[in-house]
Asks: 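Questions regarding the structure given below will be posed in turn.
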Amino acid sequence: MRTVFIKDFTLPELEDWVESIGERRFRARQLFRHIYARRVQSWNECSDLSKMFRVQLEFGAQLHALTLRERVEADDGARKYLFELHDGHCIESVLIPDPPRQTLCLSSQVGCALGCRFCVTGRLGFKRNLSVAEIVDQVCQVQRDQPRLTNLVFMGMGEPLANYDAVARAMQLLLDPNGLAFSHRRITVSTAGLVPQLRRLGQESPVNLAISLHAPDDALRNQLMPINRTYPLAELLAACRDYPLAPRKRITFEYILLSGVNDEPKHARALIKLLHGVRAKVNLIPFNPHPDIPFQPPAEERVLAFQEILQRAQLNALIRRSRGLDIGAACGQLAAQYSLAATY
Ligand code: SAH
Ligand code: SF4
């Protein structure tokens, strides 16, 4: 029997799998309850399953796809989890407590291929996509520590829409009332702007959307985010306008403020024009400095001045201070520098 990762399967797939090893299909639902509602840690805990079935699970089905290697807590309460994958690569997830919310920031890839100039994950380059089980298991493992997760955001390592199939299938499990049972209003996908996949997401699984914008014109965005050369702003904004938003929801546009690069009043004015007619809110994120990245955050008064220009134009703009800065868990800082099997 081939070893499988059980959290790779949606419910219909698990039904097929249990049938393929000679069990009845309804056992799949029972397994789902054990895994996602009871959160068992070993197949032995599933005492309502036959001994024979448990032995088959023991030898043929991996319950966990990740091994927790480290858990660090920041002064502000944010927690970073370092997970090892079965091939020795490492990823990070970050829990951001903001009562009553408990938001988990999920990774979707090891590294990232898009190479945005300000991002530490981008500096790593692309190693590989995460599997469905590796995405889902981040939620399951952190739930052992914080059972009341309320929100999930794909804002950790990687570009979620560059790993579309695994992310979409993971989302099925996250949304399934028999699975992790999150509401689609509590899940946000953040993207640097892969337009075709963005349109597909809107059609197939319209969760909340965050766009990493960071520049109000193509010339500047081309420099900061090479993906803009493939999907320039006009195409990206057209896809945003077409995105099927739930009532009263807006698209979040992330805008990192980089001193002397994109933080001048003219950039704020261009941003207002660009977002005209879009149901938008803007998150202004002062850049999180890092020794390997040649940018700096602006002075406080420039951040406030930028915000004020947007607000005067009735554009909803909040300043977002990243959490977890002292443990390298802030936006754009996730790198999981070491791989436990560097020789792979
Ligand atoms: N690839 C996706 C999701 C992961 S990045 C995306 O780009 O949207 C999560 C967020 O962190 C993005 O908005 C990204 O632009 C931002 N970010 C990257 N580097 C940063 C830095 N040094 N300081 C602040 N935010 C950063
Ligand atoms: Fe990749 Fe997002 Fe970082 Fe850009 S900002 S390199 S898309 S993870």
Side-chain angles (χ1 to χ4, degrees), residues 78 80 91-94 96 103-130 135 138 151-164 166-167 170 187-195 197-198 201 207-215 220-231 236 239-240 251-259 261-263 280-298 303 318-326 328-336:
K80 182 166 83 171
I91 54 158
E92 294 171 338
S93 318
V94 181
I96 307 153
T103 302
L104 183 63
C105 184
L106 297 170
S107 290
S108 56
Q109 300 181 309
V110 186
C112 180
L114 299 192
C116 303
R117 303 280 181 254
F118 42 78
C119 174
V120 182
T121 307
R123 288 290 291 257
L124 267 185
F126 175 69
K127 309 288 185 219
R128 73 167 171 86
N129 279 329
L130 295 190
I135 296 170
Q138 294 172 61
N151 294 63
L152 302 175
V153 295
F154 283 88
M155 290 188 187
M157 298 170 71
E159 165 54 48
L161 296 186
N163 184 14
Y164 188 92
V167 168
I187 299 182
T188 301
V189 167
S190 176
T191 178
L194 298 185
V195 168
Q197 292 91 328
L198 179 52
L201 182 74
V207 291
N208 300 321
L209 194 60
I211 303 287
S212 288
L213 195 62
H214 310 322
L220 184 55
R221 199 164 189 266
N222 285 345
Q223 282 176 30
L224 295 174
M225 305 178 71
I227 188 66
N228 196 68
R229 292 166 212 219
T230 313
Y231 302 114
L236 178 56
C240 289
I251 297 178
T252 302
F253 289 85
E254 316 273 357
Y255 194 99
I256 305 176
L257 288 163
L258 306 163
S259 176
V261 177
N262 66 355
D263 64 338
K281 58 182 173 189
V282 177
N283 278 351
L284 297 172
I285 312 163
F287 174 69
N288 292 315
H290 188 278
D292 294 343
I293 311 268
F295 293 113
Q296 288 304 319
V303 175
L318 291 176
I319 299 171
R320 293 282 186 191
R321 311 273 166 200
S322 284
R323 305 273 302 265
L325 208 53
D326 56 318
C331 300
Q333 291 198 326
L334 301 185

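Both counts, for ligands and for their atoms, begin at 1 and track the order of listing.
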Asks: Is Glu159 touching ligand 1 with its side chain, its backbone, both, or neither, if touching means heavy atoms under 4.0 Å apart?
Replies: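 Within the 4.0 Å criterion, Glu159 contacts ligand 1 through backbone and side-chain atoms alike.
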Asks: If we only consider heavy atoms of Ser212, is any one of them less than 4.0 Å away from an atom in ligand 2?
Replies: no
Asks: May I ask you to check if any N/O/S atom from Cys112 comes under 2.8 Å of atom 1 (Fe) of ligand 2?
Replies: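 Coordinating: yes.
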Asks: Side chain or backbone, does Phe118 bring an N or O within less than 3.5 Å of an N or O on ligand 1?
Replies: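 N/O-N/O distance under 3.5 Å: yes.
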Asks: Any heavy atom of His290 sitting closer than 4.0 Å to ligand 1?
Replies: no
Asks: With no hydrogens and no angle check, is any side-chain donor or acceptor of Arg320 less than 3.5 Å from a backbone partner on Ile285?
Replies: no
Asks: Can you list the ligand 2 atoms lying under 4.0 Å from a non-hydrogen atom of Leu114?
Replies: 7 (S)
Asks: How about Cys119: does one of its N, O or S atoms come closer than 2.8 Å to atom 3 (Fe) of ligand 2?
Replies: yes
Asks: Looking only at protein heavy atoms, which one is nearest to atom 2 (Fe) of ligand 2, and how far off is it?
Replies: Gly158 O, 4.5 Å
Asks: Under 3.5 Å, is there a donor on one side chain and an acceptor on the other for Ser108 and Glu159?
Replies: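 Checked: Ser108/Glu159 side chains show no N/O donor-acceptor pair below 3.5 Å.
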Asks: Are any of the heavy atoms in Ala210 under 4.0 Å away from ligand 1?
Replies: no
Asks: Just to be sure I read this right, does ligand 1 sit under 4.0 Å from the backbone of Ile256, its side chain, both, or neither, counting only heavy atoms?
Replies: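 Side chain only.
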Asks: Run down the list Arg320, Met155, Met157, His214 and name the one with the heavy atom closest to atom 5 (S) of ligand 1.
Replies: Met155
Asks: Show which atoms of ligand 1 fall inside a sub-4.0 Å distance from at least one heavy-atom site of Gly156.
Replies: 4 (C)
Asks: Using heavy atoms and a threshold below 4.0 Å, how should the contact between Thr191 and ligand 1 be classified: side chain, backbone, both, or neither?
Replies: backbone
Asks: Do Gly158 and ligand 1 have an N or O pair less than 3.5 Å apart?
Replies: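 Between Gly158 and ligand 1 (N or O atoms, distance only) the closest approach is under 3.5 Å.
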Asks: Examine ligand 1 and decide if any of its atoms is less than 4.0 Å from a heavy atom belonging to Gly122.
Replies: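 Distance cut 4.0 Å: Gly122 fails for ligand 1.
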